[in-house]
Amino acid sequence: MSGAVQETVSGGSAKTARVVIYGLLILLAAIYLLPLYVMLTTSLKSLDEIRGGDMLSLPSSPSIAAWTKAWGEACIGVTCTGIKGYFWNSIKMVVPAVIISTLLGALNGYVLTKWRFPGHKIIFGMMLFACFIPFQAVLIPMARMLGMMGIANTTTGLVFVHVIYGLGFTTLFFRNYYEAFPDELIKAAMMDGAGFFRIFWRILLPTSGPIIVVTVIYQFTNIWNDFLFGVSFSSGGSSPMTVALNNLVASSTGVKEYNVDMAAAVFAALPTLFVYIVAGRYFVRGLMAGAVKG
Amino acid sequence: MTTIEPATASPPRRNFADSLRGWLPKLVLAPSFAVILLFVYGFILWTVYLSFTNSRILPVYKLVGFDAYVRLWSQPNWYMAMKNLAIFGVLYIGICISIGLGLAILMDQRIRAEGILRPIFLYPMALSFVVTGTAWKWFLNPGLGIENTMHNLGWESFKFDWLVNPDMAIYTVVIAGVWQASGFVMAMFLAGLRGIDGEIIKAAQIDGAPLTKIYRRIIIPMLRPVFLSAFIVLAHMAIKSYDLVIALTGGGPGNATELPSTFMYSYTFTRSQMAVGSASAVMMLMGITAIIVPYLYSELREKR
Amino acid sequence: MSFLEIRNLRKKIGNVEVLKGIDIELEKGGFLVLVGPSGCGKSTLLNAIAGLLPLTSGDIVIDGQVVNDLHPSQRDIAMVFQSYALYPNMTVEENIAFALEMRGVPKDERAAAVKVAAKTLQIEHLLTRRPSQLSGGQRQRVAMGRALVRKPRVFLFDEPLSNLDAKLRVEVRAEIKSLHQNTHATIVYVTHDQIEAMTLATKIVVLKEGTVQQIGTPAEIYNLPANLFVADFMGSPAMNMLDGKVVGTGAEARISLFGDQSITVPVPPTVAAGALSEGQSVLLGLRPEAITDTGLADPQARSVTQIEAPVIMTEPTGSDTFVTAELGGKHFTARTRAEVSCQAGDTFRFAFNLDKAVVFDPQSGLRL
C-alpha cells in the first residue's frame, strides 16, 4: 500500500520530521497497549504483590493461580464454580446464532439483489434501520415475549434474540456483496436451467467466501461481546460470559481479588482477540461494512 | 422443418410450478421480514404504547396519556443522564475523530511498521465493553492503579481519583470509550486517505503547496464523507452505550455517570417504573432516529 | 419458412416503450445480426427472446412453438454474454457441463459432450483451469463452448466481442463465422459495430429507438439503405450526402450538385423510375469508395463523372487514403489509392462513380 502523499525529493528537515512521526506513533502504540499489558501482568501476580507493588512492573514470580481460580473456583453470585460454565454458555449461544443469522442474511441478500420485486428497497431500508435501533426500545416487549414462548432465561432464548437483531447486519453485508456480483451470471445460470436454490448453492455461495468470513467474524464478535441482552434475558447459571464477568468484578463480598478479576477478563477477551489476531483483515472489513452503509 | 400454424396471442399458461417459481424469492425473504416487522417495529410500537400507561413492575395496558413523560422529565436522574450524555457524546465523538484523524495522517506517511502498528491501535475494538470497563476500572483504581504508579515513580503529589469523584467520573467513561473506538476511527480515515487519487496530491505538490497546506486545503476537505460516517457511528454508539458504564462505574458514584441507557434499564427492571423506563427508551429511539434516518435515506437514495 | 419469428413485439419499461412493435423472421441456420446505436433496444430484444424479460405484447415463436410464457431454461436456447458470465467457482469443464448437469444428463455423456465442444473450439488444454486463469479470448471461447454443448435451437450472442482488443476481435469474429458455417446453427447476434454486422450476418436488422429501420442482407443494407439513418450508421467513414437538385425530366433528368448548375451527374440506376420530378431537392448518397482518384475509377462502371475540388485534409490509412475535399461549402470524403499524392490546398480531380449512388428525399429521409 502506498501513502496518499508520495515521497518527493526532500532535504534534511524531512529526516527530523520522520523521527518525530515514528516517535509519536511508538508512544501512542505503547499507550494503547498499556491496559492490555496491565491486565495480563496483574492476572499473573499474587494479591500481595499487587497490593504492595507497582501496577506496571512485571510479575516477580508469574503464576497462573488466578487463572485457574477464575476458571474453576471464583464466586459469581452465590455459586463458586468459576466462569467456565458461563464461558460455555457463551459458546453455546454464539455458534448457533452466528450460523443461523449468517445463512438467513445470505439468502436475504440474494433475494434483495438478484430477485428484486417492487418494494425491495423499502424492505431493505426497514431491515437496515433495525440494525441501529437502541435495543432499549424492544427490551420490555422482548422480555415478555420470551416468557410467553417459554424460553426466558435460556440459551435458546438468547440465540433467538441475537438471530433477530443480527439479521439486519448480515443482510446488509450480503446484499452489498451480491450487488457487485454480475447479473449476467444469474441469467446464464437461469438459461442453463438452474432454479432459485440451485443458483444460490452452486453459483453464488461458492464465491461468497470472503463475505461469509466477514459476516461470521462480525456476528461472532458482536454476540460474544453483548452484554445488554445477556443481562436482560438471562439469570443465574444461564448467563453468558460478559454478564458473569461483570458480576464477578462488581461483587463486593469478601476480599477483592484483582488478579482473579483480570484473569476472568482475559478469558472473556480471549475468543474475540484470537479471531482478531488470526483474521484481523476481515474483522476490519466487517467494521467498515457495518459503518459505511448503502 | 415444420409448417407453422399462425400462433394466436397466447393466453397466460401459468402452471403451479411457474407460479411457485415467481413466489419463491418472496417466500424465502418473508420469514426474516416478518420477524423484523414484529420484533423490531411491533415491539417499538409496544414500547411506545407502554410509555403511555402507568405500568410499574408489570405492564398494564390502560392508557393514561403523557403521565410517564411528565414524570420522566421531572426526574433529576434523567437530567443527569441527559447532561452526561451531552458531555460524553461531545467529548467522545470529538476526541475520537481528532485522535483517529491524527493517527491516520501519521500512519499515512509511508510508515514501515504499519502492519504492526495498525492492529495495535485497533485491537480494543475487538474487546467487549465489559472487558474494557473492567480493565480501565483497575487501571484507574485510585489506590493501586495509575496513581500508585506515579507515586512510585516519585511524583508524590499526583492525584487521580476521577473514578470515585462524582464530578469527574463521567470523564473516565470518555477515556475508556476513546481508547476503545479511536483506532477504528483511524481505520476509517486511513481507508479514506488511501482512496484519494494520488495524482491530485502530486498536482498540488507540483503547484508548490507544502505538506501541511496539502492536508488542510485538499486532503481533509476530501475526507468529508468519512467525517460524516464516523460521526454517525460514534453518535450511535454513544447513545446506545450501556455496558461500558456498567462495567466501569456502575453508573456511579451515586448517579454521577448515569446515561439514558442505564436510566432506562434501572427504572424498568430494578425500580419498577416500567412506564417511565419505556418513555426514556422512546426518547433514545427518537434521538437515534433523528441521526440515522436522514443518513440512511441519503445513502440508499444515491444508489438508484 | 421461418424458424424464429418475432411478431409485433412490444416492451414497456416503466412508461417508456423500448420496443415499438418489432416484426422479424429468420430461417433455420440463419445468422441474424441486430445492430443499432446504444439505447436502440437491441439488447432488450435479445433478452426478450431469451426469456429474461417478460413481454408487454406480441409473440416470439421458435420452430412453430410460441415461447412467450416459457422460462428461459425451457426455450432450448443458449446465450453468450458480453461479460461471458463464466461461473468463477467452476473449472472450464464444469462451466461447459453445467447446463447439461441441470438437465440431468448422465456424467459420462456430459464428459463426452464437453470433449466434442472443447475440440471444436480448441480449448481442450484449458478444461481444468478456472475462468480467472484465462485470457479474454479464451474466456470468450469457453462461453461459446458453454452454448455449443447444449445444441440449442437458437444461439443468442450479446455483443460478445466488445471486451476484446482490436486484433483479437478480428480473429474471434472469423472463428464465429466459421463456426456458423460448420454447424449451421441458427444465431441471433447483437452488436453496435457495423463491421461485425456486415461480416457475420446473413440477415441484418437495423434498429433505432425501438423500431426496425431496415431488414436485409448485408449487401442490401450497405448498398441500398432504406433511409438516411441506415445509410449513415452503416459504413465507415460515413456515406457522403451531397445536396442536389433534379434538372430536366424523364430520360433527360440529371442531378446538379453543390448548388452549381454546371456540375451535373446522371440519375443513378438505383433510383426507381419516375421517382424524381424536375426541381426537386434530393440528397445524393455516395460511399467514400465511390469517389476516387481518376486512376482507380472502376472501368466497368457505366456512369463516372469527373469533378475537380480543393483538398481540405488527407488521412492516409496505409492501404488507401481518405481525402476530404470541399465544394459549394460542403465537405465530402473520397477514398483514393495510397500512391496518389495530394495535399491539403491542392486542387484534385475526383472520379464520382454513380452506379452505386443512392438518392434520398431530404424531408422524409427515405430512399427514392
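Naming convention: chains lettered A, B, ... in sequence-line order (proteins, then strands); numbering from 1 in each chain.
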- prompt: Does any N or O in the side chain of B:Y265 come within less than 3.5 Å of the main-chain N or O of A:L228, such that one atom is a donor and the other an acceptor?
  reply: no

message: Strictly distance-based, threshold 3.5 Å: is any side-chain N or O of A:N108 a donor or acceptor partner for the main-chain N or O of B:S32?
response: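 Not confirmed, A:N108 side chain does not pair with B:S32 backbone.
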
Shorter than 4.5 Å, heavy atoms on both sides: which option in [options] has the most such pairs with chain A?
options                        : result
B:L50, B:V282, B:T132, B:I246  : B:I246
B:I291, B:N141, B:L24          : B:L24
B:V293, B:L228, B:T47          : B:T47
B:T268, B:V40, B:L29, B:L103   : B:L29
B:S182, B:S278, B:A281, B:S128 : B:S128
B:V35, B:I36, B:I116, B:L122   : B:L122

query: Does the gap between the ring centers of A:Y276 and B:Y123 come in under 6.0 Å?
result: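 Ring-ring flag for A:Y276/B:Y123: false, centres at least 6.0 Å apart.
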
- prompt: Does B:F39 have its ring centroid less than 6.0 Å away from the ring centroid of A:F160?
  reply: yes

Proximal component of [X], with respect to chain A [non-hydrogen, under 4.5 Å]:
X      : value
B:L106 : both
B:A230 : neither
B:F269 : side chain
B:P119 : both
B:M264 : side chain
B:L190 : neither
B:L117 : side chain
B:V28  : both
B:L37  : side chain
B:W136 : side chain

[X] to [Y] - nearest heavy-atom pair and separation:
X      : Y      : result
B:A126 : A:N225 : O-ND2, 3.0 Å
A:R18  : B:R110 : NH2-O, 3.0 Å
B:M107 : A:L25  : SD-CD2, 4.0 Å
A:A130 : B:Y41  : N-OH, 4.0 Å

Considering only heavy atoms, which portion of [X] lies under 4.5 Å from any heavy atom of chain B: side chain, backbone, both, or neither?
X      : value
A:V275 : neither
A:I277 : neither
A:T171 : neither
A:M142 : both
A:T242 : both
A:F129 : both
A:M126 : both
A:Y22  : side chain

- line: Greatest number of non-hydrogen atom pairs under 4.5 angstrom with chain B, of A:V38, A:D261, A:L112, A:I140, falls to A:I140

- request: Give a yes-or-no answer on whether the side chains of B:W138 and A:T42 include a donor-acceptor pair shorter than 3.5 Å.
  value: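 Distance-only check passes for B:W138 and A:T42.
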
